Participant: 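Sharing a structure below in structure tokens format, with a few things to ask.
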Amino acid sequence: QVQLVESGGGLVQAGDSLRLSCAVSGRTVSSNGMGWFRQAPGKEREFVAAISGIGTTNYADSVKGRFAISSDNAKNTVNLQMNSLKPEDTAVYYCAASDRLNYRPYINQWEYDYWGQGTQVTVSS
């Protein structure tokens, strides 16, 4: 069974950086697509970043240039480096994994098969 556990969230000020990590068990992070989503208070869960099984990436326009998704094969984790954080980045961040080997990064929730519990990121102004 594939299991995902997010960590690294916290309370920071605008302009600060955080690095989220998603520990994956049950398969290697390089095998299939991985993604990050977030859900802010009063809003639906939205796409943040994704990496395909061949390493291509995609980002939501709201985080492009500030966030970076990457895989650490040695630790079997998928990371999300978040720089220049804004108050509107405040949300619970979820890691997701797909069973399929994809050649494009998946940006839709229904394209993923496994989800973590989420980690809270709060950015104050």
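Predicted model only: the values in this text are computed from it and were never measured.
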Participant: Charged N to carboxylate O under 4.0 angstrom, Asp99 versus Arg27?
Facilitator: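 No, no charged N to carboxylate O under 4.0 Å.
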Participant: Considering only NZ, NE, NH1 and NH2 on the basic side and carboxylate oxygens on the acidic side, decide whether Lys86 and Asp89 come within less than 4.0 Å.
Facilitator: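 Here Lys86 does not pair with Asp89 in a salt bridge, since their nearest N and O are not under 4.0 Å apart.
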Participant: Answer with yes or no whether the side chains of Asn79 and Gln81 bring together a donor and an acceptor at under 3.5 Å.
Facilitator: no
Participant: Test side chain to side chain contact (heavy atoms under 4.5 Å, CB included) on Leu20 and Met82 and set out the steps.
Facilitator: CA-CA 8 Å; Leu20 305 183; Met82 305 185 295; 3.6 Å; yes
Participant: With rounding to the nearest 0.5 angstrom, report the OG to CG distance, Ser25 to Leu4.
Facilitator: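 Reported value, rounded in 0.5 Å steps: 7.5 Å.
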Participant: Rounded to the nearest 0.5 Å, what separates atom CG in Asp72 from atom SG in Cys22?
Facilitator: 12.0 Å
Participant: Looking only at atom types and distance, does a side-chain atom of Gln13 sit under 3.5 Å from a main-chain N or O of Ser124, one as donor and one as acceptor?
Facilitator: no
Participant: What's the spacing between Leu18 CG and Thr122 OG1 if we round to 0.5 Å?
Facilitator: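 Leu18 atom CG to Thr122 atom OG1 measures 9.5 Å (nearest 0.5 Å).
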Participant: Looking only at atom types and distance, does a side-chain atom of Asn58 sit under 3.5 Å from a main-chain N or O of Pro105, one as donor and one as acceptor?
Facilitator: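 Not at all, since once roles are kept as given, no pair shorter than 3.5 Å links the two residues.
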Participant: Kindly indicate whether the side chain of Ser71, heavy atoms from C-beta on, has any atom under 4.5 Å from the side chain of Val78.
Facilitator: yes
Participant: Return the set of residues passing salt bridge (Lys or Arg N to Asp or Glu O under 4.0 Å) with Glu88 (not counting sequence neighbours), or none when no residue passes.
Facilitator: none
Participant: Is the side chain of Thr119 donor-acceptor paired with the backbone N or O of Glu6 at a distance under 3.5 Å, no angle test?
Facilitator: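 Not at all, since once roles are kept as given, no pair shorter than 3.5 Å links the two residues.
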Participant: Apply side chain to side chain contact (heavy atoms under 4.5 Å, CB included) to Val5 and Gln3, showing your working.
Facilitator: CA-CA 7 Å; Val5 180; Gln3 293 185 342; 5.5 Å; no
Participant: Just to verify, what does Arg45 make a salt bridge (Lys or Arg N to Asp or Glu O under 4.0 Å) with, not counting sequence neighbours?
Facilitator: none
Participant: Give, for atom CG of Leu85 and atom CZ of Arg66, the distance between the pair rounded to the nearest 0.5 Å.
Facilitator: 6.5 Å
Participant: Give every residue pair that meets the ring-ring contact (aromatic ring centres under 6.0 Å, His included) criterion with at least one member in residues 24-67, sequence neighbours excluded.
Facilitator: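 Residue pairs passing ring-ring contact (aromatic ring centres under 6.0 Å, His included), neighbours aside: Phe37-Phe47, Phe37-Tyr112, Phe37-Trp115.
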